[in-house]
Structure formats: C-alpha cells, structure tokens
Amino acid sequence: MTIPKAELHLHIEGTLEPELAFALAERNGVTLPYASADELRRAYAFDDLQSFLDLYYALMAVLRTERDFADLADAYLARAAAQGVRHAEIFFDPQAHTARGVPIGTVVEGLARALDGSRERHGVSTRLIMCFLRDESAASAMETFEAARPHLHRIAAVGLDSAEVGHPPVTFREVYDAAAAAGLRRVAHAGEEGPPAYVWEALDVLGVDRIDHGIRSMEDPELVARLARDQVPLTVCPLSNVRLRCVAALDEHPLPAMLDAGLLVTVNSDDPAYFGGYAGDNFDALRDALALDEDTVRRLARNSFRAAFLDGEEHLRARYLAEVDAYVF
Ligand code: HPA
Ligand code: ZN
C-alpha cells in the first residue's frame, strides 16, 4: 500500500537483501557459507528472536566500507519510497561493526552519505537512531556513545535492541542519561519477547519517547492505561512478530486491540529483507489478514507522522499529514 507513511522501526542491517549480500561479499573478498542468494533466502526460517539474530549478525561480515553502508542505505530508501514511505527513522547497530574492526565513523559517515541525498533522490526525509546492543555490557554501550560523540550531529536518537529476555532496560540508565544530556531523543525495544516490566522500565528509567514493539504491554492493563494516557507511540512490526513467533499468525495480532485501547500504534517493517516485506507490505498484509477499513489504515499512517522525530521541521510533519488526508484509496 502506497499511502504516505513514516517508517519508525527499521534496522538498516536488516535491509540487506541476499543479492546485495553476495555482491558486497564479492567486492570485499568475503566468503559466505551459502552457495547462492536463493540458498541464503531459504535459511530465513526462524524459531525466535535469537535464531534470527544469529544469522543477522553473521551476514554483516560483508559490510566493510563507507561505500557498503551508503549502498545499503540507498537501496533501502529506494524500496521504501516505492512503498509510500516519505520519512524514515533508521536504526543502526554500531557495536556489531566495531566488534569486527569497522570504525564507527565508517558506519555513520557511510549511512549519512545516502541519507544526505535521500530527499532529492527518493523524496524521503530521514533521521538516524544509534542502537546499543542490550546483550553487551553497559560499559560497552557507554564506550560506543563516547566514540560516537564526533558524529552526534548526524544522530537524532539512541535505541536499545538485540536479545531482550534477561537484558532489562535498567542496565543502560547511565548511557541514556548521557544521551539525554547531549540533546538526543530516546527509544528502546521493549515488550517484543520480554515482559511488560521492561516497558515500564524503558518509560520510567530510560525516559524513552517511544517504545519499539511493545506488543506484550497488552498483558498489563495498568501499563495500557499509562501508554494511552501519555500517548506513547508504539512502533509495531506485524510481519516481524509472526516470523519471530511472537504472534502465532497475522490474524491473531494484537494491533486491533491496541487501537481499541486508544494506543498510538504505528506499523513498521523491522528487518524487511528477513521478514517478508517492507513498510507498504506490512500495511497490505495487516489489512488483508484483519480486514482493516480505510479509516483505520489512514489512522495508522497519521500516527506514523505524529510519532516521528520531526521536531524543528513541523512544516514537514504538516505537509505529510495533509498528504495522508488527501490520499485516495
Ligand atoms: N528485536 C531486537 N533486536 C533486533 C531486532 C528485533 O526485532 N531486529 C534487529 N535487531
Ligand atoms: Zn527492531
């Protein structure tokens, strides 16, 4: 569906399509343990978050130079634009690259090269969100934040991702405080596989502006009331939730109940190369599985721009919202 929308939950490393992975492997002299892009694609069957993350981190071996990161981001922006994305807030995982000897400057400046040309090339405005890996230590997160300081003018927010269960938000209080002091917005994955308690912590300890996923919030009525009262945006990723078996099937997805509860829900693709679709594909799949009516689809698209970090560019937010209102199905 090409209704204008913002994508607010998108891991750039999760946009690495098998064909691009093989092209970058060849360019960089990296050998992948798969014979072809098709064989690689057949490996995309996951039991849970960890089984996905194992493959996701392994494939990053092909990303080595600024040009690689620029090519990856440019390919994503072209696909996103074709599916109606007008604004994209893009996660990246610096520790997954610095651990392999790729400097953080290579990652940020490579991504920035593609993002800087995005409005002209693709008609998509962008933000960059730097995520800390929650299965690494608080000290590693702080070290990463310090290493990123020369690049903070390119970064709008910090986030928290990777294996959730057993890695509560509270561990990262200090680095989130440092990010806030540096004027950055804050988000965190919470309530994807982890319990509602992690969503409370992300809100009350890390001071996040949005919750990524948050689907398990529905198990805690008090939390639902809090999220509704404060209109905390939730960046929900329907195809991801099914592929990682957080939700049994799309027609059992809690999204309609979340909307009924008055939550500020948005629809996003998470890792589209792995989970079967980009932002518009997620809208299509949801509409088909749950028989969403046009008003609901328009509400979801409006929510995405309401929740975007477009502070300082309110004219853009207003323009995008007007585009949603004018959209003819
Ligand atoms: N959850 C946590 N970490 C991630 C994800 C996700 O869905 N995708 C990429 N890193
Ligand atoms: Zn995610």
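Both counts, for ligands and for their atoms, begin at 1 and track the order of listing. Reckoned from all heavy atoms, side chains included, excluding hydrogens, waters and symmetry mates.
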Check S304, S269, P233, C237 against H9 for a side chain to side chain contact (heavy atoms under 4.5 Å, CB included) and give me the one that passes.
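The passing option is C237.
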Answer yes or no on whether R210 is positioned over the face of F309, meaning its NZ or CZ is under 6.0 Å from the six-membered ring centre and within 45° of the axis.
yes
Within 45° cone and under 6.0 Å: K5 NZ/CZ vs F305 ring
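No.
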Restricting to N, O or S, what is the name of the atom of [X] that lies nearest the Zn ion (ligand 2)?
X    : value
D270 : OD1
H11  : NE2
H189 : NE2

Give every pair made of an N or O atom of ligand 1 and a protein N or O atom lying under 3.5 Å apart, one pair per line with both atom names and the distance to 0.1 Å, or write 'none'.
| from | atom 1 | to | atom 2 | distance (Å) |
| --- | --- | --- | --- | --- |
| ligand 1 | 1 (N) | E192 | OE1 | 2.7 |
| ligand 1 | 3 (N) | S162 | N | 2.8 |
| ligand 1 | 7 (O) | E192 | OE2 | 2.9 |
| ligand 1 | 7 (O) | H213 | NE2 | 3.4 |
| ligand 1 | 7 (O) | D270 | OD2 | 2.8 |
| ligand 1 | 8 (N) | H11 | NE2 | 3.3 |
| ligand 1 | 8 (N) | D271 | OD2 | 2.7 |

Residue pair V62, F22: steps toward the side chain to side chain contact (heavy atoms under 4.5 Å, CB included) verdict
CA-CA 8 Å; V62 304; F22 271 87; over 6 Å; no
Which is it for E193 and R216 under the salt bridge (Lys or Arg N to Asp or Glu O under 4.0 Å) test, yes or no, and what are the steps along the way?
CA-CA 7 Å; E193 285 187 343; R216 286 196 59 196; over 6 Å; no
Taking only distance into account, with no hydrogens and no angle test, what donor-acceptor pairs under 3.5 Å do side-chain atoms of residues 243-250 form with protein atoms, sequence neighbours excluded?
| from | atom 1 | to | atom 2 | distance (Å) |
| --- | --- | --- | --- | --- |
| R243 | NH1 | Y274 | O | 3.4 |
| R245 | NE | F46 | O | 3.2 |

Determine the minimum heavy-atom distance between C131 and D93, stating which atoms define it.
CB-OD1, 3.5 Å
